[in-house]
Amino acid sequence: MLSKTPIFVLVDCNNFYASCERVANPSLEGKPLVVLSNNDGIIVARSNEVKALGIPMGAPLFKCKDVLQNAGARVFSSNYELYDDLSGRVISVLKTFTDNVEVYSIDEAFMEIADLPVEKYTDFGNAIREKVKLETGIPVSVGIAGTKTLAKAASELAKKNKQYGGVLSFVGLSELEIDAFLSKLPVEDVWGIGRQYTKLLNAHNVTNALEFKNLYPAFVKKKMTVGGLRTQMELKGVSCFELEMGVSPKKGICSSRSFGKPVTEITGLREAVSVYVSRACEKLRSQGSVAAGISVFILTSRFVDRQKKYFGVRHKKLLSYTNSTAIFIESAFDILARIFRQGYLYKKAGVFIYDIKQDTSYQHSLFNYANNEKFSRLSGLVDDINRRHGKESVFYASSGCTRDWRMSRKYLSSEDVFGIKLFATAK
DNA sequence: TCTGGGGTCCTAGGACCC
DNA sequence: TCTGGGGTCCTAGGACCC
């Protein structure tokens, strides 16, 4: 018997960043290993050995440095060039099975399949797992079911329960059999249920996915809006989320970073804001869009006394749509001058570009910038040069040359946080 | 000393219009 | 002056995702 309805396959890379470091450097295999966030602040990826130590996702490095060192763990800054590259390779392998691949995130993809006999799906999952491992070195978990949320649930269970061998398929199972699996999945591991909803549900004695599935829909709708209701429907096997293959243009583009060390003067902030605006505008142009809104924000550390804390933000509407870095930088500097207060230790700044439209659809304004066209061509030229000759071959002088506020990435590839030497990362 | 970054969707409430 | 409904658009804020 063939499956009647479309079947979703979720492929989830295990401990993705940690696995990437191992692909780049096989001598790390079997050793405890973590990868840090930007600025080497918190832990964003852990190998299984580190998970076993009880170190949670998102833990600040300074709080668990001792535990990690005692366990002989290796600690790395994140290396997004490497992760992007390997992510692309994994997707290429998936596309050899079907064209229906939705790239959901850097380490996850949904596939849609319709024409296999129901008993063949587990084999299909195993084939994916083996081929991805063989051709990229990345271990993955696979979940297969009639809805995206159930496929996610299956992959969670596959990842956490060794006996499934990394693949779990709900296809062909009775509702009762699926319920048995859902009762083993903590409600906080359901896709769409985060920290706040978990708290709410726990307070109503709902602790696993099955209990959530059996809640009154009216209660779910009232407390968790239609999003929660859709999640519940999906657990019941009613598909509410389709496969989304096209890349839709961003509706808002944010660029922000914490500083490697605090900035006190407006000159440093101007450099940073200039860099972030350049980055955001580059993204804007690369998706063929223009925009007419910009926000700038600056803030101090969250971990200081109240009187030393400051958060400044302001928005500005431009007179017309543009994608010119120069025009956005000018506006950003206006805003910055208004929100800057002397006497604070700034830890982070960022810009947000909004009110985005596709290039072709915007109306020319009566008050169009006199030099909009010219600036646009200039920005396009800058993008070309940077594509050809590498990032930031050309940049705005306002972005500065010293940039001593730059984020730190101290443990990139060659030497980790404990000073242990490694081979250079293969690229 | 050291605590990430970049998105999406939904709702409530206010402004404004007829 | 007061009374009222119904609609749209926009924004802020809160939830979620990885």
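Residue numbers start from 1 in every chain, and the chains themselves are labelled A, B, ... in the order their sequence lines are given, proteins ahead of strands.
Rounded to a whole Å, the CG atom of A:Leu61 is 10 Å from the P atom of B:dT3. For the pair A:His315 NE2 and C:dC10 P, the computed distance is 16 Å after rounding to whole Å. What separates CD1 of A:Ile106 from P of B:dG5 is a distance of 16 Å, to the nearest Å. At whole-Å resolution of the value, CZ in A:Phe110 and C1' in C:dC17 are 11 Å apart. A:Tyr17 has its OH atom 10 Å from the C1' atom of B:dG4, to the nearest Å. The distance from atom CG of A:Asn38 to atom P of B:dG7 is 13 Å, rounded to the nearest whole Å. Atoms CG (A:Leu10) and P (C:dC17) sit 14 Å apart, rounded to a whole Å. The nearest whole Å value for the distance from the CD atom in A:Gln69 to the P atom in B:dC2 is 20 Å.
Backbone-only contact: A:Lys152 has heavy atoms under 4.0 Å from sugar-phosphate atoms and none from a base. Here A:Gly58 lies out of heavy-atom contact (under 4.0 Å) with every strand. The residue A:Val304 sits apart from the nucleic acid: no heavy atom pair falls under 4.0 Å. Using a 4.0 Å heavy-atom distance criterion, A:Lys283 is classed as a sugar-phosphate-only contact. Within the nucleic acid shown, A:Arg279 has no heavy atom closer than 4.0 Å to any nucleic acid atom. Here A:Lys347 lies in heavy-atom contact (under 4.0 Å) with sugar-phosphate atoms only. Backbone-only contact: A:Asp107 has heavy atoms under 4.0 Å from sugar-phosphate atoms and none from a base. Across all strands, A:Ser78 comes closer than 4.0 Å to no nucleic acid atom at all (heavy-atom distances). As judged by a 4.0 angstrom heavy-atom cut-off over every strand, A:Gly227 is placed among residues making no nucleic acid contact. Using a 4.0 Å heavy-atom cutoff across all strands shown, A:Lys251 reaches sugar-phosphate atoms only and no base atom.
Looking only at side-chain heavy atoms (C-beta outward), A:Asp334 and A:Glu330 stay at 4.5 Å or farther from each other.
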A:Val35 vs A:Tyr83, test: side-chain contact (heavy atoms from CB on, under 4.5 Å). Steps then yes/no. CA-CA 11 Å; A:Val35 177; A:Tyr83 312 150; 3.3 Å; yes
Apply ring pair (Phe, Tyr, Trp, His ring centres under 6.0 Å) to residues A:Phe110 and A:Trp191 and explain how you reach the verdict. CA-CA 13 Å; A:Phe110 285 101; A:Trp191 188 38; 5.6 Å; yes
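If A:Asn39 and A:Gly252 are placed on DNA chain B by their nearest nucleotide, the residue sitting closer to the 5' end is A:Asn39. Each of A:Ile253 and A:Gly41 was matched to the nucleotide of DNA chain B holding its nearest heavy atom; the match closer to the 5' end belongs to A:Gly41.
Classification of A:Asp85 and A:Arg89 as a salt-bridged pair holds, one side-chain N sitting under 4.0 Å from a carboxylate O. Looking at A:Glu102 and A:Lys148, a side-chain N of the basic residue comes within less than 4.0 Å of a carboxylate O on the acidic one, giving a salt bridge.
Checking C:dA15, B:dG4, B:dG6 against every side-chain atom of A:Val44, the shortest atom distance belongs to B:dG4. Taking the side chain of A:Cys254 as heavy atoms from C-beta on, and the options B:dC10, B:dG4, B:dG7, the nearest nucleotide is B:dG7. With B:dT11, C:dC16, B:dG4 as the choices, the nucleotide that has an atom nearest any side-chain atom of A:Thr225 turns out to be B:dT11. With distances taken from any side-chain atom of A:Val226 to the nucleotides C:dC16, B:dG4, B:dC10, the minimum falls on B:dC10. When distances are taken from the side chain of A:Ser255 to each of B:dT3, B:dG6, B:dC10, the shortest belongs to B:dG6. In the set B:dT11, B:dG6, C:dC18, B:dG6 carries the atom at the smallest distance from any side-chain atom of A:Ser256. Nearest nucleotide to the A:Lys250 side chain, out of B:dT3, B:dG7, C:dC17: B:dG7.
The separation of C:dC17 from B:dG4, taken at their C1' atoms, amounts to 15 Å, rounded to a whole angstrom.
Partners of A:Lys63 under the side chain to side chain contact (heavy atoms under 4.5 Å, CB included) rule, at least two apart in sequence or in another chain, are A:Pro60.
The environment of A:Lys316 atom NZ is dense: over 12 non-hydrogen atoms of other residues, nucleotides or ligands sit within 6.0 angstrom.
The shortest distance between the side-chain N/O atoms of A:Lys348 and the OP1/OP2 oxygens of B:dG5 is below 4.0 Å. The phosphate of B:dG6 (OP1 or OP2) has a side-chain N or O of A:Arg257 nearer than 4.0 angstrom. Between A:Arg195 and C:dG14, a side-chain N or O to OP1/OP2 separation shorter than 4.0 Å is absent. An OP1 or OP2 oxygen of B:dT3 is reached within less than 4.0 angstrom by no side-chain nitrogen or oxygen of A:Ser301. Contact between the side-chain N/O atoms of A:Ser258 and the OP1/OP2 oxygens of B:dG5 is found at a separation under 4.0 Å.
Once the 5.5 Å centre distance and the 30° plane angle are applied, the aromatic ring of A:Phe62 is found not to be stacked with the base of B:dT3.
The structure places CD1 of A:Ile353 at 9.5 Å from OG1 of A:Thr322, a figure rounded to the nearest 0.5 Å. From A:Arg46, atom CZ reaches atom CE of A:Met57 across 6.5 Å, with rounding to the nearest 0.5 Å.
Taking the six-membered ring where tryptophan is involved, the planes of A:Tyr354 and A:His315 are perpendicular, since the angle between them exceeds 60° and thus also 30°.
For DNA chain C, runs of at least 3 consecutive pairs of the Watson-Crick or G-U wobble type, with both hydrogen-bonding distances under 3.5 angstrom, map to B:5-18 with C:5-18.
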